[in-house]
Amino acid sequence: MAILTPLEDALAGMTDAARALAGRERVRLAVTGLSRAGKTVFLTSLVANLLAAGQGGNTLPALAAASGNRLKGARLVPPGIESTPRFDASAHLEALAADPPRWPERTEDLSTLEISLDLAPASWLGQARGWVAGERRVTLELLDYPGEWLLDLPMLDQSYDDWSRETLVRLRQGRRAAAAEDFLNFVDALPPGARDDEALARQGFRLYRAALLRCRDDLGFRFLQPGRALNPGPRGEAPLLWFFPLPGGSQGELGRLLARRHSAYLADQRSAFFEPFFRRFRRQAVLVDALGALHAGEEAFDDTAAALSAIAGSLRRGGGWLNLLTGQGVQHVGFAATKADHVPEGQRKALVGLLGDLVGRDTAGAGGATTSVHAIAALRCTQDDMARVDGRDVQAVRGVLLDGGRSARIYPGEVPDRRPDHAFWSHGEFRMPVFRPPRLTGDGQAGMPHLGLDRMLASLIGDLL
């Protein structure tokens with residue numbers, strides 16, 4: 001099993017330090033988020049705007065200021081012999097430059113991409129170092145991975161019995177219970193100490209996965225585990241994935257079989273993903289469709305809050321003395337409420353407050369990851385406007401609807417800056433329309449219009465540049 005040892009971690013930290021001394025640093029940024037939060041568009045915009053900034057464009061002003069306006073060039077690093085798939089930024093830019101423009105396909109697999117950034121020295125000492133080692137160059141390594149996998153983080157600290165108990169409690173509540181009715185009837189009908197029959201185990205897993213899919217696709221819930229049950233990734237569905245929660249936990253033959261698979265699944269996620277990839281990326285961007293959660297109803301909103309709280313807690317606990325000694329592990333996590341262009345400017349501060357309330361206000365303890373909260377639109381699709389509602393003028397947004405291609409003025413309602421009370425949802429659910437992306441010119445060579453992307457990047461990596 002390819003678990004990284006403390007020595008390997010230490011050697012990796014020493015390698016990074018040696019690169020820095022030679023003016024050839026490597027900055028690692030992982031991008032993930034809850035499903036359908038816009039990870040692919042975020043990464044595409046990041047790449048396009050960095051490349052344009054390297055050509056002198058003023059596409060990321062806050063990042064430029066944070067780095068002392070020292071960016072002199074940017075280029076994509078050509079692929080080598082990597083075994084990890086490459087993030088296809090060019091294909092995504094082509095989709096946005098098409099006529100009519102199309103939204104890129106969503107993230108289904110792990111992928112990476114590297115951008116080489118040429119920077120002017122920051123000081124007389126840096127200039128002297130540049131005279132010896134050449135122009136300072138930073139390689140920005142990006143990691144894109146499915147948001148469903150992020151929900152496996154809280155599982156790493158749980159036994160099968162604890163995970164079963166907590167998962168079943170959630171499934172039996174409110175609208176989840178109806179979505180999971182077939183699965184709950186199945187597990188409740190199992191006799192105590194059920195035998196470890198493989199057909200029984202496969203049936204239980206199929207019913208459980210169907211319940212998770214209904215919770216995600218029909219109800220907008222996000223706290224759904226394990227992540228690979230929803231998105232198996234390129235390796236497909238393996239036997240270690242065929243487990244589900246049991247009321248009796250690991251009691252009986254079937255319970256012990258499922259507990260072994262639960263343990264094997266977590267070990268596999270550690271060795272195949274969290275250890276070789278996740279730990280080496282010291283900065284994390286976590287994207288959240290906070291507006292979508294708000295509009296999906298009270299239960300979906302609280303489910304998103306529970307998911308984010310669990311994720312944030314896991315990331316904050318990811319530090320510790322070993323990471324301090326080896327220089328590895330997540331150091332800073334930037335949470336972003338995406339689709340900030342779906343609300344007018346006057347409500348974006350409230351959107352930041354709402355996400356902060358979802359994530360939790362705590363900062364990290366000693367050795368843990370610090371957090372920041374942002375509101376962004378990686379690709380701006382609307383312009384601010386005014387509308388007349390119930391005899392009064394209100395701030396609104398205007399954009400081109402994806403369905404039909406007509407221009408529409410939308411008033412999304414008032415965004416609360418924290419979890420609203422029960423009465424907020426008594427008026428029924430609001431469905432925000434999907435806007436068509438603006439068509440990019442020159443295949444994105446001039447960058448992509450955005451809101452707040454530069455400020456988030458300045459917070460995440462500005463100090464490293």
Side-chain angles (χ1 to χ4, degrees), residues 31-42 103-110 144-155 163-164 166-187 204-234 236-237 241-245 262 265 269 273 286-312 314 335-339 355 358-359 425 429-432 434:
V31 179
T32 189
L34 302 186
S35 59
R36 299 173 183 172
K39 297 179 291 297
T40 301
V41 175
F42 177 92
W103 287 109
E105 297 296 325
R106 64 190 298 265
T107 298
E108 296 288 354
D109 192 5
L110 182 99
D144 176 33
Y145 64 96
E148 289 90 350
W149 297 2
L150 191 62
L151 266 299
D152 287 346
L153 264 179
M155 291 179 66
W163 175 78
S164 288
E166 293 184 14
T167 301
L168 287 171
V169 166
R170 284 195 300 271
L171 282 179
R172 296 185 192 280
Q173 293 176 349
R175 298 170 70 191
R176 295 178 193 82
E181 182 179 8
D182 292 342
F183 169 72
L184 292 173
N185 289 339
F186 170 80
V187 294
F205 172 71
R206 285 195 295 269
L207 290 171
Y208 178 60
R209 181 169 58 184
L212 296 183
L213 288 169
R214 282 193 291 270
C215 285
R216 184 191 69 180
D217 298 338
D218 299 341
L219 303 180
F221 291 159
R222 297 292 178 260
F223 202 159
L224 306 169
Q225 300 169 322
R228 281 175 56 194
L230 293 167
N231 189 340
E237 184 181 306
L241 186 56
W242 300 336
F243 67 90
F244 52 89
H262 171 272
Y265 174 81
Q269 286 293 79
F273 173 56
V286 179
L287 311 184
V288 185
D289 183 5
L291 286 172
L294 189 70
H295 294 152
E298 187 172 12
E299 287 188 55
F301 183 86
D302 288 342
D303 181 82
T304 299
L308 283 173
S309 178
I311 291 167
S314 296
F335 290 91
T338 57
K339 306 176 185 177
L355 179 59
L358 277 167
V359 173
W425 285 281
E429 297 179 10
F430 171 77
R431 295 248 177 217
M432 193 74 184
V434 179

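Shown here are the ring pair (Phe, Tyr, Trp, His ring centres under 6.0 Å) partners of Trp103, two or more places apart in sequence or in another chain: there are none. Applying the side chain to side chain donor-acceptor pair (under 3.5 Å) criterion to Asp152, with sequence neighbours excluded, gives Tyr265, Gln269. Glu298 is linked by a salt bridge (Lys or Arg N to Asp or Glu O under 4.0 Å) to Arg419, counting only residues two or more places apart in sequence or in another chain. For Ala179, the side-chain contact (heavy atoms from CB on, under 4.5 Å) criterion is met by Arg214, Cys215, Leu219, not counting sequence neighbours. In this structure Gln173 satisfies the side-chain contact (heavy atoms from CB on, under 4.5 Å) test together with Val169, Arg176, sequence neighbours excluded. Contacts of Lys39 classified as salt bridge (Lys or Arg N to Asp or Glu O under 4.0 Å), with partners at least two apart in sequence or in another chain: none. For Phe186, the ring pair (Phe, Tyr, Trp, His ring centres under 6.0 Å) criterion is met by no residue, not counting sequence neighbours. Residues satisfying the salt bridge (Lys or Arg N to Asp or Glu O under 4.0 Å) test with Arg206, not counting sequence neighbours, are none. The side chain to side chain donor-acceptor pair (under 3.5 Å) check on Thr40 picks up Thr107, with sequence neighbours excluded. Taking the ring pair (Phe, Tyr, Trp, His ring centres under 6.0 Å) definition, one finds that Tyr145 meets it with Phe273, sequence neighbours left out. Partners of Glu237 by salt bridge (Lys or Arg N to Asp or Glu O under 4.0 Å), not counting sequence neighbours, listed by chain and number: Arg202, Arg209.
Panel note: side chain Asn185, backbone Glu181; a donor-acceptor pair is recorded below 3.5 Å. At distances below 3.5 Å, at least one donor-acceptor pair connects side-chain atoms of Thr338 with backbone N or O atoms of Ala37. Side-chain N or O atoms of Thr304 include one that pairs as donor or acceptor with a backbone N or O of Ala300 at under 3.5 Å.
The shortest side-chain heavy-atom distance between Glu166 and Gln225 does not fall under the 4.5 Å cut-off. No side-chain heavy atom of Leu34 sits under 4.5 Å from any side-chain heavy atom of Phe223. Contact of the Phe243 side chain with the Ser164 side chain is not registered, since no non-hydrogen atoms from C-beta on lie closer than 4.5 Å. No side-chain heavy atom of Val187 sits less than 4.5 Å from a side-chain heavy atom of Pro245. Residues Phe244 and Thr167 form no side-chain contact, since every pair of their non-hydrogen atoms from C-beta on lies 4.5 Å or further apart.
With rounding to the nearest 0.5 angstrom, the OG1 atom of Thr32 is 5.0 Å from the CG atom of Leu150. The structure places CG of Asp182 at 9.0 Å from CG of Leu184, a figure rounded to the nearest 0.5 Å. Between the CG atom of Leu230 and the CH2 atom of Trp149 there is a distance of 12.0 Å, given to the nearest 0.5 Å. Rounding to the nearest 0.5 Å places CG of Leu212 at 11.0 Å from CG of Leu207.
For the salt bridge (charged side-chain N to carboxylate O under 4.0 Å, His left out) condition, the pairs that include at least one residue of residues 216-228, sequence neighbours left out, are Arg36-Asp217, Glu148-Arg216, Arg228-Asp268.
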- Item | Worked check of side-chain contact (heavy atoms from CB on, under 4.5 Å) between Leu224 and Asp303 | CA-CA 9 Å; Leu224 306 169; Asp303 181 82; 5.5 Å; no
- Message: Please determine whether side-chain contact (heavy atoms from CB on, under 4.5 Å) holds for the pair Leu358 and Phe335, giving the CA-CA distance in whole Å, both sets of side-chain angles, and the decisive distance to 0.1 Å.
- Response: CA-CA 10 Å; Leu358 277 167; Phe335 290 91; over 6 Å; no
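Using a 30° and 60° split on the angle between ring planes, Tyr208 and Phe183 fall in the tilted class, from 30° to 60°.
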